[in-house]
Participant: 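Next up is a structure, given as C-alpha cells.
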Amino acid sequence: MACVFELLWLDVFAAGTVIPPNAIASTVAALSLIDMFQLKTPAMIGVAMLLAMPLAYVFSWVESIHRDASNKGFDQLQAWVDDRPGALTPERLILFSMVRVAFINGLFFIVAITCLSVVMLLILEKTSTFLSGNSITMEALVLISTCGGMLSLRFKPAYFVLGTCFLAVLSVLVWA
C-alpha cells in the first residue's frame with residue numbers, strides 16, 4: 001500500500017529531483033592539480049582547491065543532461081514490457097546508460113582538468129613568489145574545504161552565511 005501511495009504522489013512535488021553538486025569531481029581534480037604541480041605550501045594547495053570547486057556544479061549539470069538523455073530509455077523499456085520486436089532489454093539499457101555516463105564524465109573531466117591545468121600554470125607563473133611566502137596555514141585550508149559542504153546544502157541562508165564568513169576571513173587576511 002505504501003508503494004502505491006508513493007507512486008501516486010511521485011510527480012506532485014519535486015522531492016529528489018534536485019541533483020546535488022558532485023563533490024567527487026572537484027576533489028579528484030584538486031588532488032590531481034596538487035599532484036601534477038607538486039604543490040607543497042598551503043597557499044598553493046588552496047588555489048588548487050578553489051579552482052576545482054566549480055567542477056562540483058559543472059558535473060551536477062552534466063549529470064542532469066545525462067538524466068534527460070536517459071529519458072528515451074523509458075520508451076525502450078515500455079516497448080520491452082509490451083513485448084514489441086526490437087525493444088532493448090533492461091540489461092542492455094543499463095549497460096548503455098553506464099557506458100554513456102562513463103564516457104561523458106570521462107570526456108568532461110579530461111577537458112576540465114586540462115583547462116584547470118592551464119589556468120593553474122598561469123596562476124603559478126604570475127603569483128608563485130607571493131604564494132610561497134604567504135602565511136596561509138593548513139587550518140585555512142580546512143576552512144576552505146568546508147565551503148563545499150556549505151554549497152551542497154542548497155539553502156539560501158547558508159549561502160548568505162558562507163558569503164559573510166568569506167568576507168570576514170578575507171578582510172582579516174587583507175588587514176593582518
Side-chain angles (χ1 to χ4, degrees), residues 14-71 94-174 176:
T17 59
V18 174
I19 301 170
N22 189 335
I24 294 172
S26 59
T27 302
V28 171
L31 291 173
S32 298
L33 289 174
I34 291 167
D35 186 57
M36 279 192 299
F37 292 100
Q38 297 296 309
L39 304 177
K40 302 288 185 220
T41 64
M44 290 182 180
I45 293 171
V47 170
M49 290 170 63
L50 288 173
L51 279 178
M53 234 182 248
L55 288 187
Y57 287 103
V58 169
F59 277 86
S60 68
W61 174 74
V62 169
E63 184 177 343
S64 174
I65 290 173
H66 176 257
R67 287 185 184 189
D68 288 341
S70 295
N71 285 339
I94 291 170
L95 178 65
F96 286 150
S97 180
M98 289 173 58
V99 168
R100 183 174 45 232
V101 77
F103 176 74
I104 291 170
N105 281 337
L107 183 66
F108 266 84
F109 190 78
I110 289 169
V111 170
I113 200 70
T114 302
C115 294
L116 287 178
S117 298
V118 170
V119 171
M120 187 72 181
L121 187 63
L122 293 172
I123 288 173
L124 289 177
E125 283 179 1
K126 302 284 185 200
T127 62
S128 64
T129 56
F130 170 74
L131 290 174
S132 61
N134 200 307
S135 62
I136 293 177
T137 62
M138 290 305 249
E139 290 81 11
L141 289 183
V142 171
L143 182 64
I144 291 171
S145 67
T146 60
C147 292
M150 291 286 283
L151 289 172
S152 69
L153 290 176
R154 294 199 177 234
F155 184 60
K156 290 193 193 274
Y159 292 160
F160 175 75
V161 170
L162 179 64
T164 304
C165 291
F166 177 75
L167 291 175
V169 169
L170 184 64
S171 64
V172 167
L173 290 175
V174 168

Participant: Provide the closest heavy-atom pair for Val28 versus Phe109 in the form atom of the first, atom of the second, distance.
Facilitator: CG1-CZ, 3.6 Å
Participant: Can you classify the ring geometry of Trp61 versus Phe108 as parallel (below 30°), tilted (30 to 60°) or perpendicular (above 60°)?
Facilitator: perpendicular
Participant: Looking only at atom types and distance, does a side-chain atom of Ser64 sit under 3.5 Å from a main-chain N or O of Ser60, one as donor and one as acceptor?
Facilitator: no
Participant: Who are the side chain to side chain contact (heavy atoms under 4.5 Å, CB included) partners of Val111, not counting sequence neighbours?
Facilitator: Cys115
Participant: Nearest 0.5 Å, what's the CD1-CZ distance between Ile45 and Phe37?
Facilitator: 13.5 Å
Participant: Enter the distance from Ile104:CD1 to Leu107:CG here, rounded to the nearest 0.5 Å.
Facilitator: 8.5 Å
Participant: Taking all non-hydrogen atoms of both residues into account, name the closest pair between Ser117 and Met36 and its distance.
Facilitator: OG-CE, 3.0 Å
Participant: Tell me every residue that passes side chain to side chain contact (heavy atoms under 4.5 Å, CB included) with Asn71, counting only those two or more places apart in sequence or in another chain.
Facilitator: Asp68
Participant: What are the two closest heavy atoms between Ala29 and Leu116, and how far apart are they?
Facilitator: CB-CD1, 4.1 Å
Participant: Say you draw a straight line from CG of Leu55 to CD1 of Ile24; how long is it, rounded to the nearest 0.5 Å?
Facilitator: 13.0 Å
Participant: Nearest 0.5 Å, what's the CZ-CG distance between Arg100 and Leu95?
Facilitator: 10.5 Å
Participant: Using a 4.5 Å cut-off on heavy atoms from C-beta on, say whether the side chain of His66 contacts that of Ser97.
Facilitator: yes
Participant: State, yes or no, whether a side-chain contact exists between Leu39 and Leu124 at a heavy-atom distance under 4.5 Å.
Facilitator: yes
Participant: Could you check if a side-chain atom of Leu51 sits within less than 4.5 angstrom of a side-chain atom of Ile123, using non-hydrogen atoms only?
Facilitator: yes
Participant: What's the shortest heavy-atom distance between Ala52 and Ala30, and which atoms?
Facilitator: CB-N, 3.6 Å
Participant: Rounded to the nearest 0.5 Å, how far apart are CE of Met44 and CD of Gln38?
Facilitator: 12.0 Å
